[in-house]
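Worksheet: one structure, shown below.
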There are 2 protein chains.
Amino acid sequence: MPTMNEIARLAEVSLGTVSNVLNNSAKVREPLRRRVMDAVAALGYEPSELARGLRRDKTNMIGMIIPDITNPFFPAVVRGAEDAAFGSGYRLVLCNADNNQSKEIAYMTQLRTYLPTGILVIPSNFSEMTMQLGSSKRSGPVIVCLDRMPRHWKGDTVTVANEEGAVQATQHLIDLGHKHIATITGPLHLSGAHARLMGFRRALKQAAIQVPMEYVQESSFDRAGGYSAALGLLQMQPRPTAIFAQNDMIAMGVAMAIRELGLLCPRDVSLVGFDGLDVTELMDPPLASVMQPGYQLGAMGIQLLLERVKEPDRLFRHHVLPTTLRLGASIGPPPPVRPAKKTRSSAATKSKK
Amino acid sequence: MPTMNEIARLAEVSLGTVSNVLNNSAKVREPLRRRVMDAVAALGYEPSELARGLRRDKTNMIGMIIPDITNPFFPAVVRGAEDAAFGSGYRLVLCNADNNQSKEIAYMTQLRTYLPTGILVIPSNFSEMTMQLGSSKRSGPVIVCLDRMPRHWKGDTVTVANEEGAVQATQHLIDLGHKHIATITGPLHLSGAHARLMGFRRALKQAAIQVPMEYVQESSFDRAGGYSAALGLLQMQPRPTAIFAQNDMIAMGVAMAIRELGLLCPRDVSLVGFDGLDVTELMDPPLASVMQPGYQLGAMGIQLLLERVKEPDRLFRHHVLPTTLRLGASIGPPPPVRPAKKTRSSAATKSKK
DNA sequence: AAAGTTTCTTGAAACGTTTCAAATCGGAAC
DNA sequence: GTTCCGATTTGAAACGTTTCAAGAAACTTT
């Protein structure tokens, strides 16, 4: 790889002049500028970001840390971020923490040593991360949190209207006549999962519907978690007539469980998810889901980040993006009479309505 | 951020000694080593990868360039690569080229200026990329191609058995009695897409089945492409009784088109995909698909890459990973008599059974 | 034409590491 | 108590940039 020195020699100018041409940092007269540009072209010179970053104390990269690249929601966010960053001349480098706390910390630490302009993080754990992030007081890379908000985090954030989304979904089920509504949450230490549960509770409370404790199951945000939580729920007495899965991966697991138990959706149990992934539209039946604007989430994250780079002292902002309920054949009215498996009494009381 | 100099001062040793301790590059007697380690811990020192990389002409990052992060196949590959790289002490940084040639080149060029140990690339375009890669003759980062093989590319590669996989899928359709089999390919300048088409052709030729030219549709590797290609195919006369979609995103598009035209899968038309994505198992009906070992693809890529770092002069290797056909309800026997839309005569023949 | 301005250009320092020749140390042999 | 030798430790150079004080050139003014 050619260096600036070789350019300087070939163009017969000084090193400083080459730098000035390359960065427009000072006026350079046409003939010299020309010679430099020619030399650059002739040698195919590309500046070393390493050296440049070392000297300027900052590189043109923006780091992004996501919890799980195999959950299609995150790639959507990444794409939004990538487009926005690339458009502004920054290169997005992505790190997949794989839901692993130590990997997340390792990436956070490593990324820093590359002096990126900023870091966009979808945090997957709380306490540790907060400490790390805490040290972003005055200098170092700008950090923006996406999708989830660590407790005590003071900084820019973009999230979606989790609580409202959950209310929409739950309310819709209530409107259809469901009285036995269960939910499978994500890990409740995550702000989003917590908010969705709050929304679920709020909607039911407002409709004066009781929720048995065991109708709220905490799970990881993946298919396996949803599957096993659903197996449990679907064998309870009385069986819930609707399940609100707090993300689409969980909903997929629920769908598997439903199928496996020989039940039919939505005849026996309605199902609504959260994310609105493309792929869940093609499920059997098409999944109703609360749509999150993943692409915008990422794009907005980069926007906040770059604005803060420009004005480090502006007030912290917290953008909340709206969600919308996508209807789908996976929800319908509750079964007119709920079949009981064991208890005769429950079958009797049930028909009182 | 503390620097090595501050460590040296605090530990009351020279800069060189700190470096020796940190890299075990020379024996350092216990008392000194101790002092250095203490200082490192006290200051929370992290070496600057920028400075280190500049000096050593190589950093601990491995770059990875993928064509489309929203196609779930690629995240699976990334995860495999990430696990393998992380386990060996390297940090994987991912760049999403977004099916965009200029982005791909920009990332390739930029990545290089960070002096990564290696680059893992799933190339999405041919000529340009080959030129870029070509310059990796003797020095610079090790480059390994994944999944697709640029023409004239001399270097390590990992791909899957595309042709064999396509044969498996096609053969299965033939065995079920299909005679009118169409395919929707990916962009044929990609080696994988090309190979799959070859496999498709080979299986049919062997069974002495003719393929009308219009039964082979080229498309992009995404849902939209599959959808519009399928709309065309499904309105041809005679209508194919089976479609081999050359990846699962295309298959999803086909499924949408089938549904939209009021047809039923597999009653009217069988569908088989390629990728074996998790999510397509839950489709309506569950998609039969040729499974590719995405995770292993990524992991093997890193393995080859690191082996070449160790022994730059070994012979180039080309690993081919096996594919397996995943059965699913989306394929069945052809309709006994194929319904025609316009011609009366064919409507008459239909009732003969 | 000399002095004064303004505009360009240059050279050297600095960023935080690694590396390596040279200096120092601690003993063993004399 | 010297002299030597191998084992440690040190100091300075180098990696490829940017930055900035200072020098050189090109114009203006007188």
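Reminder, nothing fancy here: chain letters follow the sequence lines and each chain counts from 1.
With sequence neighbours excluded, no residue forms a salt bridge (Lys or Arg N to Asp or Glu O under 4.0 Å) with Arg29(A). Residues passing the side chain to side chain contact (heavy atoms under 4.5 Å, CB included) test with Ala11(B), sequence neighbours excluded: Val13(B), Arg35(B), Val36(B), Ala39(B). A search for side-chain hydrogen bond (donor to acceptor under 3.5 Å, both in side chains) contacts involving Thr3(B) returns nothing, not counting sequence neighbours.
Comparing the start and finish of the helix from dA1(C)-dT30(D) to dC30(C)-dG1(D), five pairs each, the helix axis swings through 60°, to the nearest 10 degrees.
Within the nucleic acid shown, Thr3(A) comes within 4.0 Å of sugar-phosphate atoms alone, with no base atom in reach, counting heavy atoms only.
Residue pairs meeting the salt bridge (Lys or Arg N to Asp or Glu O under 4.0 Å) criterion with at least one member in residues 295-309 of chain A, sequence neighbours excluded: Asp156(A)-Arg308(A), Glu307(A)-Arg314(A), Glu307(A)-Arg317(A). For residues 114-123 of chain A, the pairs satisfying side chain to side chain donor-acceptor pair (under 3.5 Å) are Tyr114(A)-Asn60(B), with sequence neighbours left out. Residue pairs that meet the salt bridge (Lys or Arg N to Asp or Glu O under 4.0 Å) test with at least one member in residues 5-16 of chain B, sequence neighbours left out, do not exist here. Residue pairs meeting the ring pair (Phe, Tyr, Trp, His ring centres under 6.0 Å) criterion with at least one partner in residues 14-44 of chain B, sequence neighbours excluded, do not occur; the list is empty. For the salt bridge (Lys or Arg N to Asp or Glu O under 4.0 Å) condition, no pair includes a residue of residues 46-66 of chain B, sequence neighbours left out.
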Pairs under 3.5 angstrom only: tabulate donor-acceptor contacts from the side chains of residues 73-95 of chain B to other protein residues two or more places apart or in another chain.
unit_1	atom_1	unit_2	atom_2	d
Arg79(B)	NE	Asp98(A)	OD1	2.9
Glu82(B)	OE1	Lys103(A)	NZ	2.8
Glu82(B)	OE2	Tyr107(A)	OH	2.6
Asp83(B)	OD1	Lys103(A)	NZ	2.8
Asp83(B)	OD2	Tyr295(B)	OH	2.5
Ser88(B)	OG	Ala84(B)	O	3.4

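Judged purely by distance below 3.5 Å, without hydrogens or angles, the side chains of Thr159(B) and His318(B) pair a donor atom with an acceptor atom.
Reading DNA chain C from its 5' end, the first and the last nucleotide to sit under 4.0 Å from a heavy atom of chain B are dG16(C) to dT19(C).
Heavy-atom nearest nucleotides on DNA chain C were determined for Asn5(B) and for Gly16(A), and the one closer to the 5' end corresponds to Gly16(A).
Non-hydrogen atoms lying under 4.0 Å from DNA chain D are contributed by Lys27(B), Val28(B), Arg29(B), Leu32(B), Leu54(B), Arg55(B), all within residues 23-57 of chain B.
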